[in-house]
Amino acid sequence: MIRTSIRVTIVAALAAAVAAVPAPGTALAAQPGWRDLPAGEAPNVNPLAGFIPYAGEYATFPHSMEWFYLPLNAVMKGAHRFDWRALEEQLDTIAGRGHQAAFRFYLDYPGKPSGVPQYLLDAGLLTRPYDDFGNNGQSVSPDYDDPRLVAALDRFIAALGRRYDGDPRVGFVQLGLLGFWGEWHTWPHNGEPGTENWFASPAQQLRVLDAYDKAFDRTRLMIRYPGADNKAHDLGYHDDSFAYSTLPGPGWHFMDLMNQAGTADKWKTNTVAGELRPELQGCIFDPTPCASEDFATSVAQTHATWLLNHYAFTPGYTGATYDKALASAKSLGYRLRVTSVKTERRGVSVRIQNDGVAPFSYDWPVQVAAVGRDGRITRTWTTPWRLSQILPGQPAELTAGLPGLRKGEHTLVLRAVNPLRNGVPLRFANAGQDTTLNGWLTLGN
């Protein structure tokens, strides 16, 4: 990397932080005191973005998150009794690898034993056997409107939020619980002519939506299908058939539903993610790709931040296919770059732009630090800057005071603090990233 050389004398007694303001459109050359910061390659991996695998240890493809499912009966042992060990084990193991988790609880997963808590089955909860999706009677579809199950889901969601909202090990929680795989549908048993409707009533769906929205304020939530009923809720979406039924056209594809629900711009405040359609994972990045929707167009329209793509990790890609897959993973989510910096007596100002397709999902603390000639940090300041507010195409100018900095020469560095202590650092697409300290962007000397 090219080491940035910006030599400025920093004097003490600098003022308090001030809020971000939009970057002016005038050229930097006409802005006294501003110095360009050279761009660099985007990192191969950044937190909470890119391709992710099912939970496990893989060195075949860069990643910062892992995915898993859990049956509800793994933790809910009675009407008011929870055993969180199964969830804790998953979260601790994933966090031990320096990764955050995305997960979903289910009641009914075709081909796996039922996830319905045993105490509800013993109480006589109505369930329906089926053979669809290779289930062959293993799982059962419960009566989602049974008052006993309704009460159980209320209690579970509230307990989950109390325990895990804001947990640094957790990146995203998908609502799950309802429908096959927790995907909020029971097709082909959905009330179409000649079929029964096994899915939850609109009232029960809304109850689950409200319960999750009430239980979680900090951790990001996601639901499978955009709809008018969830437009106003503080949650994003997961397209679990990405690049197969994503782009608008027939009326039922993911972006059709986004447009119909009026949620097409919700990516600006809530994360959109999903799963690259399993049948496409092994061939979509081939020199002659399999029949699918265009991946880049799907990313551009959904503003997706991350995708479950287990094939990238096992068996994995090779050669030119790997290169294309990596470029595609890096096209997801945010790509933050500091374009210029200004240091003065009262503090430091930076201009940041987002070259990606979506904002960063969280407002992790953004810090500026002064590094002495011995390479040690002498002082750190936490700014009021909010990275989630930096949208693609809308650069921001951010200013912060640095009170208490001693007179003398220092190197200023910048970082966003991953709350997972050993988590993947958020890296800027600048040549000065990691040149002074690992995980920090060098702003100048």
Side-chain angles (χ1 to χ4, degrees), residues 19-23 46-50 64-65 100 102 104 157 161 164-168 170-176 184 205-206 208-240 242 246 248 254-274 298-307 331-336 352-366 383-398 416 418-419 426:
V21 296
N46 246 338
L48 309 179
S64 63
M65 282 201 305
Q100 267 109 355
R104 179 195 314 170
I157 295 167
Y164 292 102
D165 187 29
D167 191 309
V170 180
F172 301 90
V173 174
Q174 295 184 354
L175 270 57
W184 286 57
Q205 294 176 50
L206 184 59
V208 171
L209 285 167
D210 289 342
Y212 267 111
D213 205 359
K214 181 180 179 181
F216 286 86
D217 290 322
R218 292 170 289 173
T219 299
R220 293 292 191 180
L221 299 172
M222 292 178 167
I223 190 171
R224 174 64 176 94
Y225 295 107
D229 60 337
N230 56 55
K231 178 181 178 180
H233 288 80
D234 185 17
L235 51 80
Y237 302 101
H238 56 99
D239 177 4
D240 287 348
F242 196 86
T246 295
F254 183 77
M255 286 308 301
D256 283 320
L257 300 180
M258 289 283 269
N259 293 328
Q260 293 162 15
T263 58
D265 285 336
K266 206 173 177 185
W267 61 270
K268 297 177 181 178
T269 55
N270 297 91
T271 304
V272 176
S298 298
V299 171
Q301 291 202 20
T302 60
H303 298 269
T305 289
W306 58 266
L307 293 172
S331 74
L332 296 165
Y334 61 96
R335 182 182 298 184
L336 298 172
I352 302 181
Q353 69 183 43
N354 187 341
D355 298 323
V357 297
F360 185 59
S361 299
Y362 286 92
D363 284 315
W364 288 356
V366 180
T383 75
W385 303 345
R386 299 179 60 192
L387 295 183
S388 69
Q389 303 300 299
I390 304 175
L391 300 179
Q394 299 181 22
E397 184 177 304
L398 309 171
N418 190 330
L426 188 154

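Atoms considered below: every heavy atom in the structure, side chains included; atoms not considered: hydrogens, waters and symmetry mates. Counting begins at 1 with the first residue of the sequence. Note that the coordinates shown come from a computational prediction; the quantities given were computed from them, not determined experimentally.
- A donor-acceptor pair under 3.5 Å is absent between the side-chain atoms of H238 and the main chain of A273, judged by distance alone.
- To the nearest 0.5 Å, atom CG of residue D234 and atom CZ of residue R220 are 6.0 Å apart.
- Side-chain contact between Y212 and I223 is absent, with no heavy-atom pair separated by less than 4.5 Å.
- For the pair Y334 and P47, the tightest heavy-atom approach, listed with the atom from each and the gap, is OH-O, 2.7 Å.
- Smallest separation of non-hydrogen atoms from A261 and A228: CB-N, 3.8 Å.
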Is there a side chain to side chain contact (heavy atoms under 4.5 Å, CB included) between W184 and V208 once you walk through the steps? CA-CA 11 Å; W184 286 57; V208 171; 3.8 Å; yes
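- How far CD of Q394 is from CD1 of I352: 14.0 Å, rounded to the nearest 0.5 Å.
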Trace of the side chain to side chain contact (heavy atoms under 4.5 Å, CB included) decision for F172 with L48: CA-CA 9 Å; F172 301 90; L48 309 179; 4.2 Å; yes
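- The shortest distance between side-chain heavy atoms of W267 and P359 falls below 4.5 Å.
- Taken to the nearest 0.5 Å, the CE atom of M255 stands 7.5 Å off from the OG1 atom of T263.
- F242 places a side-chain heavy atom less than 4.5 Å from the side chain of T302.
- A perpendicular orientation is assigned to the rings of Y237 and F254, their planes being inclined by more than 60° (bins at 30° and 60°).
- In this structure, the separation between CZ on R104 and CE on M222 is 10.5 Å, given to the nearest 0.5 Å.
- Side chain of N354 to backbone of I390: a donor-acceptor contact under 3.5 angstrom is found.
- In terms of heavy atoms, F216 sits closest to V173 at CE2-CG2, 4.3 Å.
- Looking at T219 and Y164, their side chains never come closer than 4.5 Å, going by heavy atoms from C-beta outward.
- Ring-plane geometry between Y362 and F360 is classed as perpendicular, the angle between the planes exceeding 60 degrees on a 0 to 90 degree scale with a lower cut at 30.
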Would D239 and V272 satisfy side chain to side chain contact (heavy atoms under 4.5 Å, CB included), going step by step from the backbone distance to the final call? CA-CA 8 Å; D239 177 4; V272 176; 5.7 Å; no
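- No donor-acceptor contact under 3.5 angstrom links the side chains of T271 and T305, judged on distance only.
- Distance check, rounded to the nearest 0.5 Å: CG of D265 to CG of N270 gives 12.0 Å.
- Looking only at distances, no side-chain donor or acceptor of N230 sits under 3.5 Å from a matching main-chain atom of P226.
- Residues L209 and L175 form a side-chain contact, since some pair of their non-hydrogen atoms from C-beta on lies under 4.5 Å apart.
- Between the side chain of R218 and the backbone N or O of D165, at least one donor-acceptor pair lies under 3.5 Å.
- For V357 against A304, the heavy-atom pair with the smallest separation is CG2-O, 3.7 Å.
- Between W364 and P168, the closest side-chain pair of non-hydrogen atoms is not below 4.5 Å.
- The main-chain N or O of K231 is found under 3.5 Å from a side-chain atom of K266 such that the two form a donor-acceptor pair.
- The two residues R224 and D240 have their closest heavy-atom pair at CZ-N, 3.4 Å.
- With S388 contributing its side chain and S361 its backbone, the two residues share no donor-acceptor pair below 3.5 Å.
- In this model, a donor atom of one side chain and an acceptor atom of the other lie less than 3.5 Å apart for N418 and Q100.
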Set out, in order, the CA-CA distance, both residues' side-chain angles and the distance that settles side chain to side chain contact (heavy atoms under 4.5 Å, CB included) for V366 and L398, then state yes or no. CA-CA 11 Å; V366 180; L398 309 171; over 6 Å; no
